[in-house]
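Remember, it's 1-based here, ligands and their atoms both numbered in the order they're listed.
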Amino acid sequence: MPSVPPRSKKLADKVALVTGAGQGIGLAIAREFKEHGATIVAAEINPDTASQTASELSGECMALEMDISSKTSVVLGNAKILDRYGRLDILVNNAGVLTYTTWEDCSEEDWDQVVNTNLKGTFLCSQAVLPAMTESRSGVIINLSSIAAKTGGTTVGPHYASSKAGIVALTLGLAKVAAPRGIRVNGIAPGVVATPMTDNPRLVAYGAQVPLGEMGRPEDIAHCALFLASDDARHITGEIIDVNGGLFMD
Ligand code: NAP
């Protein structure tokens with residue numbers, strides 16, 4: 001793919017933290033942002049996958065081992081970024097987990113694992129980056145919600161849909177707090193995107209119902225994230241953008 005000419009780079013000189021950047025949507029966002037001039041901090045619970053992404057992306061890039069569900073890990077990770085770069089311009093709260101349960105079978109452990117990663121992790125990472133963004137009077141936070149937040153979930157359990165609906169509320173709440181500080185906070189609600197997370201017959205069958213004829217690609221989400229991260233979206237905050245091929249329309 002031809003690289004973006006320097007004058008067209010939308011994220012030149014920005015430092016962007018992408019959680020879950022080792023695969024799937026996070027990796028596509030890291031590639032897209034890098035292509036547009038950002039310095040990427042690739043955060044992952046598994047240090048090997050963080051390093052894989054960092055070494056794949058050319059130029060300055062930081063691999064960060066960080067468990068978003070742990071406040072200690074998130075605070076330490078944020079400190080390492082500020083220590084190395086002195087600032088953080090963009091946070092993409094992308095890391096997430098999905099397990100399959102029914103209402104009847106969803107155990108307390110299932111609930112805690114999914115909600116503590118998806119919802120608490122988004123809260124912890126956002127809280128950690130706020131002071132530096134507030135000080136610089138600028139910043140962008142992008143949260144990965146899901147179509148499940150709107151449908152209540154079709155093939156996934158109540159824990160996943162609830163965690164993603166919570167991310168919508170969190171996005172709107174933080175957008176209000178952060179706007180006077182020059183920080184924009186938005187969300188993306190993907191439908192079904194072909195990644196390791198959706199490598200499951202139930203989700204492939206759901207993806208077959210997409211009105212535009214195919215499951216989403218990770219790059220479809222990355223393009224939306226680039227738009228939200230860039231000055232093209234300078235007047236947009238507190239918005240959740242559906243990227244779902246028409247699978248749910250509201
Ligand atoms: P994925 O392929 O499963 O990738 C998620 C990444 O997050 C993995 O590399 C995973 O690492 C990492 N991760 C998990 N728990 C973590 C933690 N506690 N701390 C740090 N990293 C952690 O998922 P995806 O499909 O790319 O999804 C990305 C985001 O989009 C998720 O929030 C997901 O809920 C959302 N989304 C996806 C779809 C879809 O159709 N794919 C639809 C709607 C919303 P390990 O693999 O090592 O655990």
Side-chain angles (χ1 to χ4, degrees), residues 17-32 41-54 56 63-74 76-78 91-100 112-125 128 142-151 153-157 159-168 170-171 187-200 202-210 214-222 224-225 240-245 247-248:
L17 165 60
V18 182
T19 67
Q23 65 182 34
I25 292 170
L27 178 58
I29 291 173
R31 285 175 177 153
E32 182 84 359
V41 179
E44 266 293 346
I45 193 165
N46 179 341
D48 294 339
T49 44
S51 297
Q52 267 168 34
T53 297
E56 183 212 292
L64 182 67
E65 178 182 0
M66 189 169 84
D67 175 359
I68 64 163
S69 67
S70 154
K71 179 158 183 167
T72 306
S73 179
V74 168
L76 182 66
N78 186 58
L91 163 66
V92 184
N93 280 309
N94 165 79
V97 289
L98 166 64
T99 57
Y100 297 90
D112 287 348
Q113 187 212 0
V114 168
V115 175
N116 285 347
T117 303
N118 298 356
L119 182 55
K120 188 174 91 172
T122 299
F123 164 69
L124 290 176
C125 292
I142 300 168
N143 298 327
L144 269 290
S145 178
S146 168
I147 191 172
K150 297 185 174 187
T151 62
T154 47
T155 59
V156 297
H159 54 347
Y160 182 82
S162 302
S163 72
K164 292 298 176 177
I167 288 173
V168 172
L170 190 149
T171 302
I188 302 173
V192 192
V193 181
T195 70
M197 182 180 273
T198 53
D199 189 13
N200 176 291
R202 278 190 277 190
L203 281 171
V204 171
Y206 187 41
Q209 300 169 27
V210 172
E214 57 172 315
M215 283 172 80
R217 301 173 188 165
E219 295 74 24
D220 295 322
I221 310 303
C224 183
I240 311 291
I241 300 184
D242 290 327
V243 183
N244 63 26
L247 195 52
F248 184 84

Heavy-atom closest contact (Thr19 atom, Ala95 atom, distance): OG1-N, 2.9 Å
Under 4.0 Å to a heavy atom of Gly24 - the qualifying atoms of ligand 1, by number: 26 (O)
Backbone N/O of Lys164 and side chain of Ser145: donor-acceptor pair under 3.5 Å: yes
Nearest non-hydrogen protein atom, atom 24 (P) of ligand 1: Thr195 OG1, 3.6 Å
Heavy-atom nearest neighbour of atom 48 (O) of ligand 1 within options Ile188, Ile45, Leu144: Ile45
Over all atoms of both residues, closest heavy-atom pair of Ala21 and Thr53: O-OG1, 2.8 Å
Which segment of Met66 sits under 4.0 Å of ligand 1 when only heavy atoms are counted: backbone
Main-chain N/O of Asn46 paired with Thr49 side-chain donor or acceptor, under 3.5 Å: yes
Shortest protein heavy-atom distance from atom 7 (O) of ligand 1, along with the residue and atom involved: Gly20 CA, 3.5 Å
Atom 34 (O) of ligand 1: nearest protein contact (heavy atom, Å): Tyr160 OH, 2.7 Å
Residue Val97 vicinity, atoms of ligand 1 by number, heavy atom under 4.0 Å: 14 (C), 15 (N)
Contacting atoms of ligand 1, where contact means under 4.0 angstrom from a heavy atom of Thr117: 15 (N), 18 (N)
Minimum heavy-atom distance Ile45-Glu65, with the two atoms named: O-CG, 3.9 Å
Side-chain donor/acceptor of Asn94 to backbone N/O of Gly20, under 3.5 Å: yes
Any Lys164 heavy atom less than 4.0 Å from ligand 1: yes
Closest approach of any protein heavy atom to atom 10 (C) of ligand 1, naming residue and atom: Glu44 OE1, 3.8 Å
Proximal atoms of ligand 1 relative to Gly191 (non-hydrogen, under 4.0 Å): 40 (O), 42 (C), 43 (C)
Residue part near ligand 1, for Thr198, under 4.0 Å between non-hydrogen atoms: side chain
Interfacing atoms of ligand 1 (cut-off 4.0 Å, heavy-atom, Pro196): 2 (O)
Reference residue Leu247; test side-chain contact (heavy atoms from CB on, under 4.5 Å); the match among Val192, Thr154, Thr151: Val192
Heavy-atom nearest option to atom 38 (C) of ligand 1, drawn from Val18, Asn244, Ile25: Ile25
Contacting atoms of ligand 1, where contact means under 4.0 angstrom from a heavy atom of Asp67: 17 (C), 18 (N), 19 (N)
For the student: nearest non-hydrogen atoms of Cys125 and Ile68, plus distance: SG-CG2, 3.6 Å
Nearest neighbour in protein (non-hydrogen) for atom 19 (N) of ligand 1: Ile68 N, 3.1 Å
Enumerated ligand 1 atoms positioned under 4.0 Å from heavy atoms of Val192: 40 (O)
Flag, side chain of Glu44 to backbone of Gly22, donor-acceptor distance under 3.5 Å: yes
Nearest-contact summary for atom 44 (C) of ligand 1 - protein heavy atom, Å: Ser145 O, 3.2 Å
Short side-chain to backbone donor-acceptor contact, His159 and Thr99, under 3.5 Å: yes
Of Ile221, Asn244, Asp242, Ile241, the residue whose pairing with Pro190 passes side-chain contact (heavy atoms from CB on, under 4.5 Å): Ile221
Distance-only polar pair, side chains of Thr171 and Asn143, donor-acceptor under 3.5 Å: yes
Any N/O pair Gly26/ligand 1 closer than 3.5 Å: no
Atom 1 (P) of ligand 1 - nearest protein heavy atom and its distance: Gln23 NE2, 3.3 Å
Atom 31 (C) of ligand 1 [closest protein heavy-atom partner, distance rounded to 0.1 Å]: Asn94 O, 3.1 Å
Sole candidate of Val114, Leu203, Thr117 that passes side-chain contact (heavy atoms from CB on, under 4.5 Å) when paired with Leu98: Leu203
